[in-house]
2 protein chains.
Amino acid sequence: MFHHILVVDNEPELLELVDYNLAQADLRATCAISGLEALKHLNEQTFDLVILDIMMDGMDGFSVLERIRNGAMEMPVILLSAKHEVDSKIRGFGLGADDYVTKPFSPSELVARVQAHLRRTHKTASIEQMISYSYGNMRLNPAAQMLYKNNQAIPLSATETKMLLALMKRPNQTVPKIQLFEEVWGHSNYDENSINVYMNFLRKKIEDDPRQPRYIQTVWGLGYLLTGEAE
Amino acid sequence: MFHHILVVDNEPELLELVDYNLAQADLRATCAISGLEALKHLNEQTFDLVILDIMMDGMDGFSVLERIRNGAMEMPVILLSAKHEVDSKIRGFGLGADDYVTKPFSPSELVARVQAHLRRTHKTASIEQMISYSYGNMRLNPAAQMLYKNNQAIPLSATETKMLLALMKRPNQTVPKIQLFEEVWGHSNYDENSINVYMNFLRKKIEDDPRQPRYIQTVWGLGYLLTGEAE
DNA sequence: GTATGATTTTAAGAATGCTTTAAGAGAATT
DNA sequence: AATTCTCTTAAAGCATTCTTAAAATCATAC
């Protein structure tokens with residue numbers, strides 16, 4: 001669960017210093033050497049937090065901050081500046097900044113501040129927001145290891161989840177057993193028995209009548225197929 | 001709608017100065033001249049934010065901060081100190097502070113920072129600081145550490161409250177154990193045993209039959225889930 | 001139809017993760 | 001200072017999941 005941080009400054013050495021210290025704290029950083037480059041990144045990716053120098057050539061930090069907030073982006077923004085003037089700080093907070101750190105600063109203090117802001121904003125994030133796969137009247141949430149069939153929740157084990165996921169990624173396509181094994185067990189000492197046994201577990205859980213599989217069809221000599229006529 | 005701020009410092013002049021400046025910005029302040037007095041206020045009223053001096057006679061700011069967080073109070077805390085040392089700052093942020101301002105400081109900068117924190121917390125906090133969380137036939141009042149189940153009051157400890165709160169914030173979503181630990185214990189020396197033990201405490205209190213949990217479901221290999229069919 | 005090999009089912013042990021209990025340290029309260 | 005409550009730590013017992021193996025069933029081809 002890595003956080004993604006955008007660092008914007010004109011000075012390459014500073015970028016490097018901050019990048020290094022963030023990495024030490026398990027935080028992933030993307031660096032931008034100018035305001036324009038920052039905006040480009042902001043359009044292309046999402047960030048959990050932005051560290052933004054004010055005094056930059058071209059587009060300055062205040063302008064970048066304005067764009068961020070006007071674009072309805074709500075991640076915390078920490079302003080960086082050599083300016084100690086209170087007016088500059090007031091202006092920054094007024095534009096929607098969350099913090100204002102003056103240069104020179106201690107990298108570890110900056111990291112501590114970053115973590116404090118992330119702690120606050122990222123509490124409610126949850127795995128539910130992750131991708132879930134839908135098919136017919138089934139919806140699989142891999143992160144929660146939970147299958148919803150007609151809105152009835154069916155808990156799956158880790159292996160069952162991986163197996164169903166492999167099929168759900170390719171609806172109506174036959175997935176060969178060897179490939180299924182690769183995706184579920186990861187390694188290559190192919191053991192067909194494991195697949196057979198787990199297919200049985202899975203069907204017991206998801207099929208109304210495991211003897212008359214409606215969702216997972218067997219393709220003889222090949223593998224399995226998640227079929228469509230679920231309705 | 002006025003925000004209520006607790007200001008804690010040994011120096012009466014500083015209290016007065018801060019009080020005045022907060023009032024200018026339409027913020028209502030309550031002052032405490034010592035750590036103990038601060039705790040008294042915190043027990044009696046709720047605050048939207050705390051400004052807390054570190055170096056105080058008797059109980060110091062770090063201790064007060066610890067009590068605040070251990071008591072499941074989640075309002076932003078701004079530490080105030082003449083100490084510029086990075087270690088002191090790191091310690092403060094580590095204990096759950098949101099900001100650290102060094103003396104002497106500009107009153108208007110402090111006010112700007114207060115507003116920045118209130119702006120941030122108030123978006124989510126309107127939900128979070130809500131007097132109570134409801135789910136099915138349960139209602140949790142985090143501030144009072146009290147759970148009402150079918151209008152029967154069940155007192156919870158601080159840790160139990162934080163744990164149930166973490167689940168109640170995401171009904172029907174699996175909360176991984178690691179995330180649960182983060183939210184309840186705040187730091188990152190993940191200890192699974194603590195979670196297990198406290199889940200047991202919690203279930204004993206809230207489940208009719210702890211052996212047959214109806215509210216909190218276990219998701220094997222992952223975490224826990226507050227389930228919906230509470231009716 | 002019967003033989004053959006592939007698939008399904010069942011079952012048991014090992015490995016892993018969860019629940020429960022209990023005891024002692026530490027705070028808060030009286 | 002004694003008592004109660006909360007929190008931490010450790011360990012034993014349980015439950016589920018995973019693996020392995022073997023028996024039962026089924027589909028196809030001869």
Side-chain angles (χ1 to χ4, degrees), chain A residues 145-147 154-164 174-178 180-181 184-187 189-207 209-225, chain B residues 35-36 39-40 42-43 59 62-72 145-147 154-164 174-178 180-181 184-187 189-207 209-225:
Chain A
Q145 293 180 186
M146 197 66 77
L147 176 72
I154 303 171
L156 302 177
S157 82
T159 311
E160 289 159 359
T161 304
K162 279 186 260 182
M163 197 156 186
L164 182 54
T174 305
V175 183
K177 286 188 166 192
I178 297 182
L180 207 54
F181 185 86
V184 176
W185 279 268
H187 54 90
N189 342 14
Y190 177 55
D191 171 28
E192 186 176 333
N193 189 39
S194 298
I195 292 185
N196 296 338
V197 170
Y198 262 89
M199 183 51 70
N200 189 235
F201 289 167
L202 191 55
R203 290 216 259 229
K204 270 189 195 159
K205 283 200 182 172
I206 75 172
E207 299 284 357
D209 175 9
R211 306 289 180 124
Q212 224 71 49
R214 175 180 158 210
Y215 298 103
I216 302 174
Q217 302 297 344
T218 304
V219 181
W220 247 76
L222 246 181
Y224 298 92
L225 174 82
Chain B
L36 281 173
L39 291 181
K40 216 178 105 231
L42 285 163
N43 275 330
M59 173 174 276
F62 288 133
S63 309
V64 177
L65 175 55
E66 262 184 321
R67 299 287 191 97
I68 288 175
R69 295 301 185 224
N70 285 339
Q145 298 186 7
M146 194 67 77
L147 176 72
I154 303 171
L156 301 178
S157 81
T159 311
E160 289 160 358
T161 304
K162 280 186 262 184
M163 197 156 186
L164 182 54
T174 306
V175 183
K177 285 188 163 193
I178 296 182
L180 207 54
F181 185 86
V184 175
W185 278 268
H187 53 90
N189 335 20
Y190 177 54
D191 171 28
E192 187 176 331
N193 191 39
S194 300
I195 293 185
N196 296 340
V197 170
Y198 261 89
M199 182 51 70
N200 190 233
F201 290 167
L202 191 55
R203 290 217 259 227
K204 270 188 195 159
K205 284 198 181 173
I206 75 173
E207 300 283 357
D209 176 9
R211 308 287 179 126
Q212 224 71 47
R214 176 180 159 209
Y215 297 103
I216 302 174
Q217 236 51 23
T218 304
V219 180
W220 248 77
L222 249 182
Y224 297 92
L225 174 85

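Order of the sequence lines sets the chain letters (A, B, ...), proteins ahead of strands, with each chain counted from 1. Since we're looking at a predicted model, the values are computed, not measured.
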Checklist line | First of B/L156 and B/S194 reached from the 5' end of DNA chain D, by closest nucleotide | finding: B/L156

Check: Expressed in angstrom and rounded to an integer, what is the separation of B/N196 atom CG from D/dT16 atom P?
Finding: 15 Å

Notebook entry, point to check: For the side chain to side chain contact (heavy atoms under 4.5 Å, CB included) test, which of A/D191, A/L180, A/I195 pairs with A/W185?
Noted result: A/I195

Margin query: Angle between the two end axes of the helix from C/dG1-D/dC30 to C/dT30-D/dA1, five base pairs per end, rounded to 10 degrees?
Written below: 30°

Checklist line | Which nucleotide in D/dC18, C/dC18, D/dT6 has an atom nearest any side-chain atom of B/Y198 | finding: D/dT6

Margin query: Please tell me if A/T159 has a side-chain N or O lying less than 4.0 Å from either OP1 or OP2 of D/dT17.
Written below: no

Note to self: If you define the side chain from C-beta out and look only at heavy atoms, does anything of B/L225 sit under 4.5 Å from A/M146?
What the structure shows: yes

Item checked: Minimum-distance nucleotide to B/Y224 side chain [options: D/dC7, D/dC18, C/dT19] -> C/dT19

Checklist line | Phosphate contact (D/dC7 OP1 or OP2) by B/S157 side-chain N/O below 4.0 Å | finding: yes

Margin query: With a 4.5 Å cut-off on side-chain heavy atoms, are B/N200 and B/V197 touching?
Written below: no

Note to self: Can you measure B/L222 atom CG to D/dT16 atom P for me and round it to whole angstrom units?
What the structure shows: 17 Å

Note to self: Need to verify one output field. Residue with the more 5' nearest nucleotide on DNA chain C, A/N200 or A/W220?
What the structure shows: A/W220

Check: Between B/I195 (CD1) and C/dG17 (P), how many Å, whole number?
Finding: 14 Å

Check: Is any side-chain nitrogen or oxygen of B/K204 closer than 4.0 Å to OP1 or OP2 of C/dT19?
Finding: no

Next item on the list: Examine D/dC7: is either OP1 or OP2 under 4.0 Å from a nitrogen or oxygen in the side chain of B/W185? Give yes or no.
Entry: no

Note to self: The test is side-chain contact (heavy atoms from CB on, under 4.5 Å); show your working for B/Q217 and B/T174 and say whether it passes.
What the structure shows: CA-CA 9 Å; B/Q217 236 51 23; B/T174 306; over 6 Å; no

Check: Does any non-hydrogen side-chain atom of B/E160 lie less than 4.5 Å from one of B/L147?
Finding: no

Notebook entry, point to check: When all nucleic acid strands are considered with a 4.0 Å heavy-atom cut-off, which category describes A/E192: base, sugar-phosphate, or nothing?
Noted result: sugar-phosphate

Notebook entry, point to check: Tell me, for nucleotides 22-30 of chain C in 5' to 3' order, what letter each nucleotide earns: B for a base near a protein heavy atom under 4.0 Å, S for only sugar-phosphate near one, - for neither?
Noted result: ------S--

Checklist line | Rounded interatomic separation in angstrom, taking OH from B/Y190 and P from D/dT8 | finding: 15 Å

Check: In whole angstroms, how far is the P atom of D/dC18 from the NZ atom of A/K162?
Finding: 8 Å

Notebook entry, point to check: In whole angstroms, how far is the C1' atom of C/dT19 from the CD1 atom of B/I206?
Noted result: 15 Å

Next item on the list: Examine distances only and state if a side-chain atom of A/Q145 and a backbone atom of B/W220 form a donor-acceptor pair shorter than 3.5 Å.
Entry: yes

Item checked: D/dA21 base / A/N193 side chain donor-acceptor hit below 3.5 Å -> yes

Notebook entry, point to check: Of B/P213 and A/M199, whose nearest nucleotide on DNA chain C comes first from the 5' end?
Noted result: A/M199

Checklist line | Close side-chain approach of B/R203 to B/T218, heavy-atom, < 4.5 Å | finding: yes

Notebook entry, point to check: How long is the line joining CG of B/L225 and C1' of C/dC18, in whole Å?
Noted result: 16 Å

Note to self: I'd like to check A/R214 versus A/D209 (side-chain heavy atoms, cut-off strictly below 4.5 Å). Are they in contact?
What the structure shows: no

Item checked: Between C1' of D/dT9 and CZ of B/F181, the distance in whole Å -> 13 Å

Next item on the list: Would you mind reporting whether A/I216 and A/M199 have side-chain heavy atoms less than 4.5 Å apart?
Entry: yes

Check: Does B/E160 or A/D191 map to a spot on DNA chain D nearer the 5' end, using the closest nucleotide for each?
Finding: B/E160

